[in-house]
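Each remark here refers to the structure printed beneath this line.
Order of the sequence lines sets the chain letters (A, B, ...), proteins ahead of strands, with each chain counted from 1.
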Protein chains: 2
Amino acid sequence: MPSIKDVARVAGVSDKTVSRVVNREPNVKPETFRRVEQAIQDLGYVPNRAARLVRSRKSQVLGILTDLVSVTPYSNDIVRGAQAWAHANGYTVIVVNTNGDDDTEKAAWRTFQEHSIEGVLYVTMYHRLINLQASDCPLPTVLVNCRSTADQSLISVTPDDYRGSQALTRHVLEQGHRRIGYIRLNPVLFGAEERYRAFQDVVREWGIPDASITTKIGMSGVVGQEIDHSYQVTQNMLQQDAPPTVIMCGNDEIALQAYLGALTLGHRIPDDVSIVGHDDFKTVSKALKPALTTAALPYYDLGFRASEALYGVISGEGATGSAGSVKMDCPMVRRESVRPLPDSQRSLADAGGNARHKD
Amino acid sequence: MPSIKDVARVAGVSDKTVSRVVNREPNVKPETFRRVEQAIQDLGYVPNRAARLVRSRKSQVLGILTDLVSVTPYSNDIVRGAQAWAHANGYTVIVVNTNGDDDTEKAAWRTFQEHSIEGVLYVTMYHRLINLQASDCPLPTVLVNCRSTADQSLISVTPDDYRGSQALTRHVLEQGHRRIGYIRLNPVLFGAEERYRAFQDVVREWGIPDASITTKIGMSGVVGQEIDHSYQVTQNMLQQDAPPTVIMCGNDEIALQAYLGALTLGHRIPDDVSIVGHDDFKTVSKALKPALTTAALPYYDLGFRASEALYGVISGEGATGSAGSVKMDCPMVRRESVRPLPDSQRSLADAGGNARHKD
DNA sequence: TTGTACGCGTTATCAC
DNA sequence: GTGATAACGCGTACAA
């Protein structure tokens with residue numbers, strides 16, 4: 001590896017002049033500039049960041065701290081989004097997965113300090129509340145996909161599950177559905193409860209009677225290894241007396257179960273039952289036939305936006321705390337799994353009937 | 001950030017002594033050791049890797065170069081595996097996604113050099129053949145999930161698609177299936193062709209007549225944005241004169257389509273048709289009802305193993321080229337989507353019949 | 001057992 | 001415009 005001195009010697013200038021050229025500083029004669037560039041080419045010189053860092057204290061490196069990576073393969077898009085921002089802005093990224101282990105997390109913070117990282121993205125792989133204090137973070141930190149209950153001064157970037165679910169529920173009602181099944185995600189999840197709350201609020205706002213709503217929990221247990229009974233739940237719902245005309249699912253994976261459950265019973269989607277999901281996990285939502293109407297979790301954008309916010313903090317111009325925090329929209333993705341109900345079927349009066357097609 | 005000198009001053013020793021304590025070198029009086037440790041604690045001193053690196057040339061950092069991340073969310077497990085190895089061995093990892101762009105890849109190599117990275121994992125997100133030359137790699141490199149046709153001297157770690165598919169095909173035949181549908185993955189994919197080749201070889205070896213095999217292509221087009229017609233293909237297969245008793249799918253996503261296609265037609269799985277996949281994408285294979293019998297792509301292990309191999313190269317003890325290259329097994333995961341055929345249905349004579357249950 | 005002098009590759013300061 | 005010279009935080013070599 002040639003050093004700046006080698007270049008200087010070959011170009012016949014001092015090392016400082018090479019430094020000027022490399023860093024595009026002013027006050028270099030064009031002729032000198034060319035000679036130096038040539039020498040750099042010839043030698044294949046690449047500046048050494050470590051040496052630069054020793055002096056200048058700017059590492060141009062961001063750290064990403066990640067918890068249960070295995071929960072779902074999709075949330076990794078957060079990391080991708082962050083990487084995209086980083087590389088577009090001359091930053092490099094170091095990722096450490098803690099798998100939820102406290103010691104590993106401690107070690108990660110230390111690693112970050114050793115590398116003189118400028119700031120870290122603390123990302124959780126599902127939307128949740130955490131207990132972090134700003135004083136626990138030795139480096140500038142932005143929370144992604146989570147918020148701290150313990151310390152409001154930590155900036156966070158989270159998805160707006162509430163509004164996503166709200167839009168979905170309104171859409172379903174606008175399509176004329178009145179008998180609704182709702183399969184809840186694991187209640188342990190913060191995002192899950194937000195979605196359910198939105199559903200309840202909208203349904204109440206529209207004056208839908210409780211009797212025409214069926215709510216069941218589809219998953220339960222420890223996050224990452226929950227038991228999924230949504231297949232069975234779907235079938236029970238569809239076999240009850242006045243079955244719902246639409247089943248709203250806590251997320252797309254539950255929606256997949258709902259599809260399988262409904263199809264196995266011989267129900268057609270959306271002719272016999274409409275189904276909506278949440279998250280827009282593409283390998284599910286786009287693969288389903290008919291494709292699933294859902295709300296898109298903006299994972300990639302979460303990562304990208306959070307990096308911007310972190311950069312704001314680092315460069316000191318950043319607002320902090322709830323002022324700087326952002327909730328990002330989960331836009332509805334309308335596909336073919338929701339059928340508009342004809343007027344004749346919209347009344348609640350036929351609540352005893354079964355909208356299923358007969359073949 | 002306190003430096004080694006600050007610690008030295010507080011502890012009342014020279015900086016070299018602090019260095020000795022930090023690096024656990026011998027010849028430090030226990031008493032001194034304690035005093036220094038105390039000062040480190042008090043000041044929150046963390047050694048600066050950059051400074052260390054300027055002298056010692058060992059960055060303890062690995063680079064990961066990654067192409068089309070978006071192809072599937074699952075292959076990211078390769079990166080996880082590599083990270084796991086790294087953090088278990090005191091290494092840190094820098095990941096750069098190129099999205100298949102050549103300029104980005106060039107820039108990535110440069111970034112790696114700037115960071116004095118010790119070696120890089122060149123990982124592709126689907127199993128394929130590439131054109132890389134060892135001379136294109138300014139740093140020690142190991143190929144993951146791909147092999148170079150241009151240069152055999154590059155070590156590679158790849159999944160053994162052939163053997164995975166072989167095991168699956170044998171299993172299906174052992175369960176008595178003779179009329180077989182095979183839905184091929186995009187033929188552009190190297191792994192896809194390996195799987196198909198294994199299927200053909202086994203079927204020939206067992207003397208299954210061509211007439212009882214139906215082969216169709218389920219996906220085609222540019223990788224990452226292919227058109228998927230496997231849903232329709234499945235339905236066509238099931239509606240033909242002597243429908244297959246089992247459908248073997250190029251991967252789990254096709255298997256999902258096969259489930260949907262079959263269920264929609266009113267077929268039961270595995271009573272009416274058995275289905276097998278490939279890859280073991282858990283959000284599909286475990287979610288399906290009944291759960292899918294498939295072969296597991298060892299993504300995580302690929303990343304882990306490749307890191308070991310790379311470490312071998314770096315520390316100079318490594319075999320190179322095809323000698324050091326590894327093909328990793330894709331073990332069959334036996335679940336409930338394959339039904340053993342009763343002896344009465346195993347003969348090829350009933351090739352005109354339809355094994356479907358009548359309700 | 002401990003300390004001193006120096007060098008690593010780079011940037012900062014200031015004089016030329 | 002350009003170049004000495006010092007300094008960054010740490011490890012190495014050697015002296016004490």
- [ ] Kindly write out the residues that satisfy salt bridge (charged side-chain N to carboxylate O under 4.0 Å, His left out) with Arg147(B), not counting sequence neighbours, or none if the list is empty.
- [x] none

Task: Rounded interatomic separation in angstrom, taking NZ from Lys58(A) and C1' from dC8(D) - done: 16 Å

Open item on the list: To the nearest 0.5 Å, what is the distance between CZ on Arg305(A) and CG on Leu310(A)?
Closed with: 12.0 Å

Open item on the list: Asp151(A): which residues meet the side chain to side chain donor-acceptor pair (under 3.5 Å) condition with it, sequence neighbours left out?
Closed with: Ser153(A)

Open item on the list: Tell me whether the side-chain N/O atoms of Asn23(B) come closer than 4.0 Å to OP1 or OP2 in dG11(D).
Closed with: yes

Output side-chain donor-acceptor pairs under 3.5 Å for residues 129-136 of chain A, partner residues at least two apart or in another chain, one line each.
residue	atom	partner	partner atom	Å
Asp136(A)	OD2	Gln133(A)	N	3.0

Task: Length of the CZ-P vector between Arg57(A) and dG9(D), whole Å - done: 6 Å

Under 3.5 Å, which protein N or O atoms sit close to an N or O of nucleotides 13-16 of chain D? Give each pair with its distance.
none

Task: Approximate separation, where rounding is to 0.5 Å, of Arg80(A) CZ and Asp77(A) CG - done: 4.5 Å

Open item on the list: Give me each pair satisfying ring pair (Phe, Tyr, Trp, His ring centres under 6.0 Å) with a member in residues 46-75 of chain A, each pair once, sequence neighbours excluded.
Closed with: Tyr74(A)-Phe281(A)

Task: From Thr98(B) atom OG1 to Tyr122(B) atom OH, the distance as rounded to the nearest 0.5 Å - done: 6.5 Å

- [ ] Check whether more than 12 heavy atoms from other residues, nucleotides or ligands sit under 6.0 Å from atom CD of Gln41(A), and answer yes or no.
- [x] no

Task: Rounded to 10 degrees, the angle between the two terminal axes of the helix from dT1(C)-dA16(D) to dC16(C)-dG1(D), each from five pairs - done: 30°

Open item on the list: Just verifying a value: how many Å separate Cys146(B) SG and Met125(B) CE, rounded to the nearest 0.5 Å?
Closed with: 11.0 Å

Task: Given DNA chain C, 5'-ward residue of the pair Ser14(B) and Ala50(A), judged by closest heavy atom - done: Ser14(B)

Task: N or O in side chain of Arg52(B) less than 4.0 angstrom from dG11(D) OP1/OP2 - done: yes

- [ ] Identify the 5'-most and 3'-most nucleotides of DNA chain C with at least one atom closer than 4.0 Å to a non-hydrogen atom of chain A.
- [x] dG9(C) to dA12(C)

Task: Salt bridge flag under 4.0 Å for residues Arg110(A) and Glu105(A) - done: no

Task: Within residues 2-11 of chain B, residues whose heavy atoms come under 4.0 Å of DNA chain D - done: Ser3(B), Ile4(B)

Open item on the list: What I want to find out is whether Glu37(A) reaches Arg34(A) closely enough, with some N-O distance under 4.0 Å, to be called a salt bridge.
Closed with: no

Open item on the list: At 4.0 Å (heavy atoms only), tell me whether Thr17(B) reaches a base, stays on the sugar-phosphate, or touches nothing.
Closed with: sugar-phosphate

Task: Residues in salt bridge (charged side-chain N to carboxylate O under 4.0 Å, His left out) contact with Arg52(B), at least two apart in sequence or another chain - done: none

Task: Spacing of Asp67(A) atom CG and Asn145(A) atom CG [to the nearest 0.5 Å] - done: 8.5 Å

Open item on the list: With the threshold set at under 4.0 Å for non-hydrogen atoms, list the residues of residues 26-45 of chain B touching DNA chain D in residue-number order.
Closed with: Tyr45(B)

TODO: Please identify each residue that fulfils side chain to side chain donor-acceptor pair (under 3.5 Å) with Gln113(A), with sequence neighbours left out.
DONE: none

Open item on the list: So, using side chain to side chain donor-acceptor pair (under 3.5 Å) as the criterion, who are the partners of Asp101(A) when residues are at least two apart?
Closed with: Thr104(A)

Task: Lys/Arg-Asp/Glu bridge criterion (N-O < 4.0 Å) met for Arg57(A), Glu118(A) - done: no

Open item on the list: For dG11(D) and Ser19(B) - does any side-chain N or O of the residue sit under 4.0 Å from the phosphate oxygens OP1/OP2?
Closed with: yes

- [ ] Between Arg55(B) and Asp15(A), just flag the one whose closest nucleotide in DNA chain D comes earlier from the 5' side.
- [x] Asp15(A)

Open item on the list: Please classify the nucleic acid contact of Val22(B) as base, sugar-phosphate, or nothing, using heavy-atom distances under 4.0 Å.
Closed with: nothing

